[in-house]
Amino acid sequence: QLQLVESGGGLVQPGGSLRLSCAASESIFSINAMGWYRQAPGKLRELVASMTSGGSTNYAHSVKGRFTITRDNAKNTVYLQMNSLKPEDTAVYYCKAEGITVRPGTLSFASWGQGTQVTVSS
């Protein structure tokens with residue numbers, strides 16, 4: 001079964017940086033959109049950033065200018081570079097892939113990663 005494997009979370013001081021990675025666990029024909037969501041305690045899960053296979057990006061207003069999403073389509077991997085981190089960025093970050101087509105002609109589907117904790121604290 002396809003899995004999205006995330007890495008790169010951890011504890012960082014305010015103003016610091018982290019880079020999250022998310023890779024598919026098996027070879028895939030194509031993925032339409034890949035992105036990152038986050039969920040803080042007591043809050044709803046929210047979109048952080050997303051990128052289509054064509055390179056179009058979408059960012060939450062709160063992270064614009066600080067976070068950058070990139071993608072390696074050949075490796076079916078998406079990254080989130082997070083700079084100038086703030087305590088309010090503390091959350092579990094989830095990777096999501098949409099429009100996954102494992103082989104040509106098969107039905108596409110979406111999948112979530114298991115989440116990685118990001119804690120911004122001094």
Worksheet entry | Closest non-hydrogen atom pair between A91 and A40, with its separation | CB-N, 3.8 Å
Worksheet item: Looking at side-chain heavy atoms only, is the closest gap between Q117 and T90 below 4.5 Å?
Response: yes
Item to complete: Identify the heavy atoms of S121 and P14 that sit nearest to each other, and give their distance.
Response: C-CD, 3.6 Å
Item to complete: Check whether V92 and L47 end up in the same hydrophobic cluster, where Ile, Leu, Val, Met, Phe, Trp and Tyr are linked by side-chain heavy atoms less than 4.5 Å apart.
Response: yes
Worksheet, complete the sentence: Rounded to the nearest 0.5 Å, the CG atom of L18 sits from the CG atom of L11 at a distance of 8.5 Å
Discussion item. With heavy-atom distances below 4.5 Å as the criterion, would you say the side chains of V48 and M82 are in contact?
Written reply: no
Item to complete: Decide yes or no on side-chain contact (heavy atoms from CB on, under 4.5 Å) for T68 and Y59, but give the supporting numbers first.
Response: CA-CA 9 Å; T68 302; Y59 290 94; 3.9 Å; yes
Practice prompt. Can you measure from NZ (K96) to CH2 (W36) and round to the nearest 0.5 angstrom?
Written response: 14.0 Å
Worksheet item: Rounded to the nearest 0.5 Å, how far apart are OG of S111 and CE of M34?
Response: 9.5 Å
Worksheet entry | Within-4.5 Å side-chain heavy-atom neighbours: V118 and D89 | no
Worksheet item: What about I69 and L20, same hydrophobic cluster or not, with Ile/Leu/Val/Met/Phe/Trp/Tyr joined at side-chain heavy-atom distances under 4.5 Å?
Response: yes
Item to complete: Give the cluster check for W112 versus F109: same hydrophobic cluster or not, with ILVMFWY residues linked at side-chain heavy-atom distances below 4.5 Å.
Response: no
Worksheet entry | Residue pair V63 / R38, side-chain heavy-atom distance below 4.5 Å | yes
Discussion item. Between L2 and S25, is there a side-chain heavy-atom distance shorter than 4.5 Å?
Written reply: yes
Worksheet item: Taking side chain as C-beta onward, heavy atoms only, is N32 less than 4.5 Å from S108?
Response: no
Discussion item. I'd like to check S53 versus R71 (side-chain heavy atoms, cut-off strictly below 4.5 Å). Are they in contact?
Written reply: yes
Worksheet item: Rounded to the nearest 0.5 Å, how far does CD of E26 lie from CD1 of I100?
Response: 9.0 Å
Worksheet item: Is it true that Y94 and Y79 fall in one hydrophobic cluster, defined by side-chain heavy atoms closer than 4.5 Å?
Response: no
Worksheet entry | Pairwise distance OG(S27) to CG(N76) - rounded to 0.5 angstrom | 7.0 Å
Discussion item. Within this structure, what is the CG-CD distance for the pair L4 and E6, rounded to the nearest 0.5 Å?
Written reply: 7.0 Å
Discussion item. Under a 3.5 Å distance rule, please check whether E98 uses its side chain to pair with a backbone N or O of A110 as donor and acceptor.
Written reply: no
Worksheet item: So F67 and Y93, would you call those rings parallel, tilted or perpendicular, with 30° and 60° as cut-offs?
Response: tilted
Worksheet, complete the sentence: On a heavy-atom basis, the closest approach of R66 and L85 is NH1-CA, 3.9 Å
Worksheet item: Hey, quick one: are V120 and L80 part of the same hydrophobic cluster, counting side-chain heavy atoms closer than 4.5 Å, chains of contacts allowed?
Response: yes
Worksheet item: Are V78 and C95 close enough that some pair of their side-chain heavy atoms sits under 4.5 Å apart?
Response: yes
